[in-house]
Amino acid sequence: MTGDHRSDTGDHTNDHAHPTQAVVLAGGQGSRLRPYTDDRPKPMVEIPGTGTPIIGHQLAWLAAEGVTDAVVSCGHLAEILQDWLTSSADQLPLRVSTVVEKEPLGRGGGLKYAAASLPHPGRPWYATNGDIWTRFSLREMADFHYERDAVATLALARPRIPWGVVETDEFGHVLDFIESPPSPYLVNAGVYVFSAAFTALLPNRGDHERTTFPRLARERLLAGFPIPQGAYWRAIDTAKDLSDAAEELADPSP
């Protein structure tokens, strides 16, 4: 399924230009989001109050960051997602095509399979998981990637701990109760910048986070871009994530 809605921006041969192409990994079953995913793939679940599925928000964000072409990798209930992309083609702000794995290839193999359909294989590209709802500057992330001569860069988020925590002093006296503070650890935020050479390093089948990423890390060719403080990021994994995202969109104050 392909919808063309912008003229070609020309052939930018500079590998340090901001990417204009992206892969969206949208093949997950979303079992923890049931019953919402009983009849639709996870990226087609709507954030309450917006009237738009997760992937619609993602495509709008990618287009706002300069992406003109996106390849959506489908799996679970692929026809539902493909039908929505077709029916929304006139409203989409970028060109979109889809690929469907004929058999499970794993995250790395699926990424490589989708990347083969990118319109400019000799240029850098973005990738994002299909269940991420976020807003930050991909252009700044791409600049960070180039400044470090990385082959791959992953965005890093600091999610809030879902519980209240207790602060004590060295003698065990309780000092304070803090509701859902930021985690002390950074996590993979599911958004990436890849150099053109990265595609060939992906496995044909399997998980790149167990093969390609560790290899690049050993060679100091893997970078981590901390999402700027105050930028919004949330992984939509559960029904509670959906309701929390709806509340946060209605009241964006911290």
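Keep in mind the model is a prediction, meaning the values are calculated, not measured. In this chain, numbering begins with 1 at the start of the sequence shown.
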- Assess the side chains of T128 and W61: does a donor N or O sit below 3.5 Å from an acceptor N or O? no
- Using side chain to side chain contact (heavy atoms under 4.5 Å, CB included) as the criterion, point out the one residue from T212, V23, L202 that pairs with K112. L202
- Spatial distance of atom OG (S97) from atom CG (L118) [nearest 0.5 Å]: 8.0 Å
- From CZ (R123) to NE2 (H18), nearest 0.5 Å: 14.5 Å
- Query: For G110 and S73, which heavy atoms make the closest approach, and how far apart are they?
  - Reply: O-OG, 4.3 Å
- Query: Going from CE on M141 to CD1 on I227, what distance comes out if it is rounded to the nearest 0.5 angstrom?
  - Reply: 8.0 Å
- Search all heavy atoms of W84 against all heavy atoms of G56 and return the closest pair with its distance. CH2-CA, 3.8 Å
- Heavy atoms from other residues, nucleotides or ligands near CD of Q229 exceed 12 (cutoff 6.0 Å): no
- Apply the test side-chain contact (heavy atoms from CB on, under 4.5 Å) to residues R148 and R220: give CA-CA distance (whole Å), side-chain angles for both, the deciding distance (0.1 Å), then the verdict. CA-CA 9 Å; R148 284 149 185 81; R220 298 295 187 268; over 6 Å; no
- Could you tell me which non-hydrogen atom of E103 sits nearest to which non-hydrogen atom of R205, and how far apart they are? OE2-NH2, 3.1 Å
- Query: Are L154 and L216 in one and the same hydrophobic cluster, where Ile, Leu, Val, Met, Phe, Trp and Tyr link if side-chain heavy atoms are under 4.5 Å apart?
  - Reply: yes
- Please answer whether the main-chain N or O of T98 pairs with a side-chain N or O of Q82 as donor and acceptor at a distance below 3.5 Å. no
- Query: Would you call the rings of F213 and F194 parallel, tilted or perpendicular if under 30° counts as parallel and over 60° as perpendicular?
  - Reply: tilted
- With no hydrogens and no angle check, is any side-chain donor or acceptor of S183 less than 3.5 Å from a backbone partner on Y185? yes
- Task: For the pair T68 (side chain) and T20 (backbone), establish whether a donor and an acceptor sit closer than 3.5 Å, ignoring hydrogens and angles.
- Result: yes
- Task: Ignoring hydrogens and angles, tell me if any N or O in the side chain of T134 forms a donor-acceptor pair with the backbone of Y232 under 3.5 Å.
- Result: yes
- Message: Does the plane of the ring in W125 sit parallel, tilted or perpendicular to the ring in F198? Use 30° and 60° as the thresholds.
- Response: tilted
- Short side-chain to backbone donor-acceptor contact, E101 and G106, under 3.5 Å: no
- Taking all non-hydrogen atoms of both residues into account, name the closest pair between A17 and Y146 and its distance. O-OH, 2.6 Å
- Can you check whether A150's main-chain N or O pairs, donor with acceptor, with S195's side chain at less than 3.5 Å? yes
- How long is the span from the CD atom in Q58 to the CZ atom in R135, to the nearest 0.5 Å? 9.0 Å
- For D149 and L221 the tightest heavy-atom approach is O-CD2, 3.8 Å
- Message: Has Y126 got a side-chain atom pairing as donor or acceptor with L138's backbone, closer than 3.5 angstrom?
- Response: yes
- Query: After noting the C-alpha distance and the side-chain angles of H57 and W133, does the key distance pass the side-chain contact (heavy atoms from CB on, under 4.5 Å) rule?
  - Reply: CA-CA 7 Å; H57 293 287; W133 168 237; 2.9 Å; yes
- What's the spacing between R95 CZ and Q21 CD if we round to 0.5 Å? 10.5 Å
- Query: Should the heavy atoms of other residues, nucleotides or ligands under 6.0 Å from CZ of R210 be counted, would the total exceed 12?
  - Reply: no
- Message: Any side-chain to backbone donor/acceptor pair from S88 onto L85? Under 3.5 Å, distance only.
- Response: no
- Query: Hey, mind stepping through E219 and V151 against side-chain contact (heavy atoms from CB on, under 4.5 Å) and telling me if it holds?
  - Reply: CA-CA 10 Å; E219 297 173 356; V151 171; over 6 Å; no
- Shortest non-hydrogen contact from V187 toward P159: CG2-CD, 3.6 Å
- Message: With side chain to side chain contact (heavy atoms under 4.5 Å, CB included) as the test, pick out the partner of V24 among L81, V71, I132, I55.
- Response: I55
- Message: For the backbone of G206 and the side chain of R107, can you confirm whether one donor and one acceptor N or O come within less than 3.5 Å of each other?
- Response: no
- Rounded to the nearest 0.5 angstrom, the CG-CG distance for L62 and D69 is 11.5 Å
- Message: According to a hydrophobic-cluster definition based on side-chain heavy atoms being under 4.5 Å apart (Ile, Leu, Val, Met, Phe, Trp, Tyr only), do L92 and V67 belong together?
- Response: yes
- Y192 and its side chain to side chain contact (heavy atoms under 4.5 Å, CB included) partner, picked from T153, N129, L111: N129
